[in-house]
There are 2 protein chains.
Amino acid sequence: MEPMSGYDIKKRFEEIASNFWNESYGQIYPILKGLYTEGLAIRSIEKQVGKPDRHIYELTELGHQELKNWLLEPVERHVGRHEILLKLFFGPKVSVEDNIEQVKHFQKNHINELAQLQSIKLKIETENCKKTHLPYWMMTIRFGELMNEALLKWSDEVLSTMKEMKEKKYKDS
Amino acid sequence: MEPMSGYDIKKRFEEIASNFWNESYGQIYPILKGLYTEGLAIRSIEKQVGKPDRHIYELTELGHQELKNWLLEPVERHVGRHEILLKLFFGPKVSVEDNIEQVKHFQKNHINELAQLQSIKLKIETENCKKTHLPYWMMTIRFGELMNEALLKWSDEVLSTMKEMKEKKYKDS
DNA sequence: AACACCATGTAAGCTGTTACATGATTAA
DNA sequence: TTAATCATGTAACAGCTTACATGGTGTT
C-alpha cells in the first residue's frame, strides 16, 4: 500500500482490519527483517526527536511481484475452529441451563462485534484515504455484517431449542 | 463420550465434526499420552488378529471433572483469519477480473461445503447413536448452514459490485 | 505517582501440520 | 499390482502469542 513501519502495520490491522485479521509484533518485526534480507523490501530510518527512530519498509519491484503472485493464488479452504461448537458437541455433559449460558454469552459477543464493525465502517468512510481501496475495504465490512447477523440468528434458534429441551425435561421428571 | 482410541477420535472428527473442527494424529496421540500420565485418563490395550493393537483411552473421574470445567468456561472471542478478506484488502494491486475469479472460486467452495453438510446431517440423523447428543449435533450443522448461506449471499453481493466496477473502468477508458 | 503512547526488538513456549516409519489385510 | 484401511507413533518444521527489555514523552 505504502511505505510503513512495523508499528504502523500493527496499527492499520487494529484500526481497519481488526474484524478479520490481527498480527502480533512477534510476527511482524521478524518478517519485515526477512523481507529485507531476501531483497523483497528496502529499509530506511526516519529519525525523530524525543521518540525512537522509525524503521520504514517499502516493497521492491520483486516484492511487489511476490505480493501479486500471492494475491492471484486461489484461497484454499480451511476449517475454522469454532470453540463454541466443540463445546456444544459435548453438550449432554453439562446441564441445558449451562449450555444456554454459553450461547447467551456468545450472542452478547457478536452483538458487540456488530457495533464495533459500524465504527470501523465509519472510520473507513470518513478517512477515505485512497479511493481505490474504499470499495474493497467495504466488502470486508459487509462480510462481517453478514457473518454476525447469521451468528445472531443461529443463537436465537439454538436458544429456543434449548428452552424447549428444558421444558421437556421438567415434564419427564 | 465413550472409551476410544486415537484413531477413533480422528475418525469421529472427520465423520461428524469436519465442518467445524479437525485434529491431526500429531496432536491426538501425544495429547492422549499426556492425559494418561496426568491421571485424567486410563489406558487399556485391545489385542486384534491381523491388525495392530488398539490403545483404548477412557476418562477418569478427574478427567470428566476437567472436561466439565472446560465446558463451563465461557468461550472468548478470537478473530477468525479469513484469507480471502486479506487478499481483497489489497484488491487494487490486481485487476477487477482477478478479484472476480478469486471470489467465484470462494463461492464454489462454499456451495460444496453446503452439500457436504447435508451428507453429514443425514449420517447423524440415521446413525442416531445417542439420543442425548442428537439435538446438540444438529445445532452444529445448523451453524454451518447459516454460515455458508451468508457466505454465498456475500459472494453474490461482492460479485455484482465488482462487475459494476469493471463497467465503470471501461467507461473511463 | 501511575499509566498510556511511541517504537524497536527477542526469547520462550505453545499449537499445529506434514512427512516419515512400521506392517498386515483386503478390495479394485 | 496398486491402493486403501487399520493402527500406532515421532521428528522436523511452521505459525503464533506472551512476556520481557529499553527508555523518553505526555496525560490523568
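A note on names: the letters A, B, ... follow the listed sequences, proteins ahead of strands, and every chain is numbered from 1.
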Checklist entry - Within the structure, does a side-chain N or O atom of A:Asn22 lie under 4.0 Å from either OP1 or OP2 of D:dC16? => result no

Checklist entry - Using a cut-off of 4.0 Å on non-hydrogen atoms, how would the nucleic acid contact of B:Lys11 be classed: base, sugar-phosphate, or nothing? => result sugar-phosphate

Checklist entry - How close or far is atom C1' of C:dG9 from atom CD1 of A:Ile9, stated in whole angstroms? => result 14 Å

Checklist entry - Please give, in whole Å, the distance from C:dT15 C1' to A:Leu86 CG? => result 15 Å

Can you give the donor-acceptor pairs under 3.5 Å from side chains of residues 103-113 of chain B to other protein atoms, not counting sequence neighbours?
unit_1	atom_1	unit_2	atom_2	d
B:Gln107	NE2	B:Asp156	OD1	3.0
B:His110	ND1	B:Asn148	OD1	2.7
B:Glu113	OE2	A:Arg77	NE	2.7

Checklist outcome for this item: Among D:dT10, C:dT15, D:dC16, the one nearest any side-chain atom of A:Gln27 is D:dC16

Item to check | Nearest-nucleotide 5' precedence on DNA chain D, B:Gly26 against A:Trp21 | outcome: B:Gly26

Checklist entry - How long is the line joining CD1 of B:Ile28 and P of C:dT15, in whole Å? => result 15 Å

Checklist outcome for this item: For A:Pro30, the side-chain contact (heavy atoms from CB on, under 4.5 Å) test, sequence neighbours excluded, returns none

Checklist entry - Whole Å only: how far is the OH atom of B:Tyr25 from the P atom of D:dA7? => result 9 Å

Checklist entry - Has B:Glu2 got more than 12 heavy atoms of other residues, nucleotides or ligands less than 6.0 Å from its CD? => result yes

Checklist entry - Considering only heavy atoms, which members of residues 73-82 of chain A lie under 4.0 Å from some atom of DNA chain C? => result A:Arg81

Checklist entry - Got a sec, which hydrophobics cluster with A:Tyr25, joining ILVMFWY side chains under 4.5 Å apart, including via others? => result A:Tyr7, A:Tyr29

Checklist outcome for this item: Under a 4.0 Å heavy-atom cutoff, the residues of residues 42-60 of chain A touching DNA chain D are A:Gly50, A:Pro52

Item to check | Nucleotide nearest B:Tyr7 when distance is taken to its side chain, options D:dA7, C:dT17, C:dT10 | outcome: D:dA7

Next on the checklist: Can you pull out every salt bridge (Lys or Arg N to Asp or Glu O under 4.0 Å) where at least one residue sits in residues 140-152 of chain B? Sequence neighbours excluded, please.
Outcome noted: A:Glu157-B:Arg142, B:Lys121-B:Glu145, B:Arg142-B:Glu145

Checklist entry - Whole-Å distance between C:dC20 C1' and B:Tyr29 OH? => result 15 Å

Checklist entry - A:Ser5 side chain N/O closer than 4.0 Å to the phosphate oxygens (OP1, OP2) of C:dT8? => result yes

Checklist entry - Does B:Glu66 have any side-chain hydrogen bond (donor to acceptor under 3.5 Å, both in side chains) partners at least two apart in sequence or in another chain, and if so, which? => result none

Item to check | Interatomic distance where CG belongs to B:Asp8 and P belongs to D:dC6 [whole Å] | outcome: 10 Å

Checklist entry - Applying side-chain hydrogen bond (donor to acceptor under 3.5 Å, both in side chains), which residue pairs with at least one partner in residues 81-92 of chain A are found, sequence neighbours left out? => result A:Arg81-B:Asn22, A:Arg81-B:Glu23

Item to check | Selection residues 34-53 of chain A - residue pairs positive for ring-ring contact (aromatic ring centres under 6.0 Å, His included), sequence neighbours left out | outcome: none

Item to check | Bend angle of the helix from C:dA1-D:dT28 to C:dA28-D:dT1, from helix axes over five pairs at each end, nearest 10° | outcome: 40°

Checklist entry - Could you give all pairs that pass the salt bridge (Lys or Arg N to Asp or Glu O under 4.0 Å) test and reach residues 45-54 of chain A, with sequence neighbours left out? => result A:Asp8-A:Arg54, A:Glu46-A:Arg54

Checklist outcome for this item: Sequence neighbours excluded, the answer for ring pair (Phe, Tyr, Trp, His ring centres under 6.0 Å) partners of A:Tyr57 is none

Checklist entry - Does the side chain of A:Ser24 get closer than 4.0 angstrom to OP1 or OP2 of D:dC16 through an N or O atom? => result no

Checklist entry - What integer distance in Å separates A:Glu14:CD from C:dC5:P? => result 10 Å

Item to check | Under 3.5 Å donor-acceptor, A:Trp154 side chain and B:Met139 backbone | outcome: yes

Checklist entry - Do B:Thr60 side-chain atoms and B:Gly39 backbone N/O form a donor-acceptor pair below 3.5 Å? => result yes

Next on the checklist: Distance check needed: C:dT10 C1' versus A:Lys33 NZ, whole Å only.
Outcome noted: 9 Å

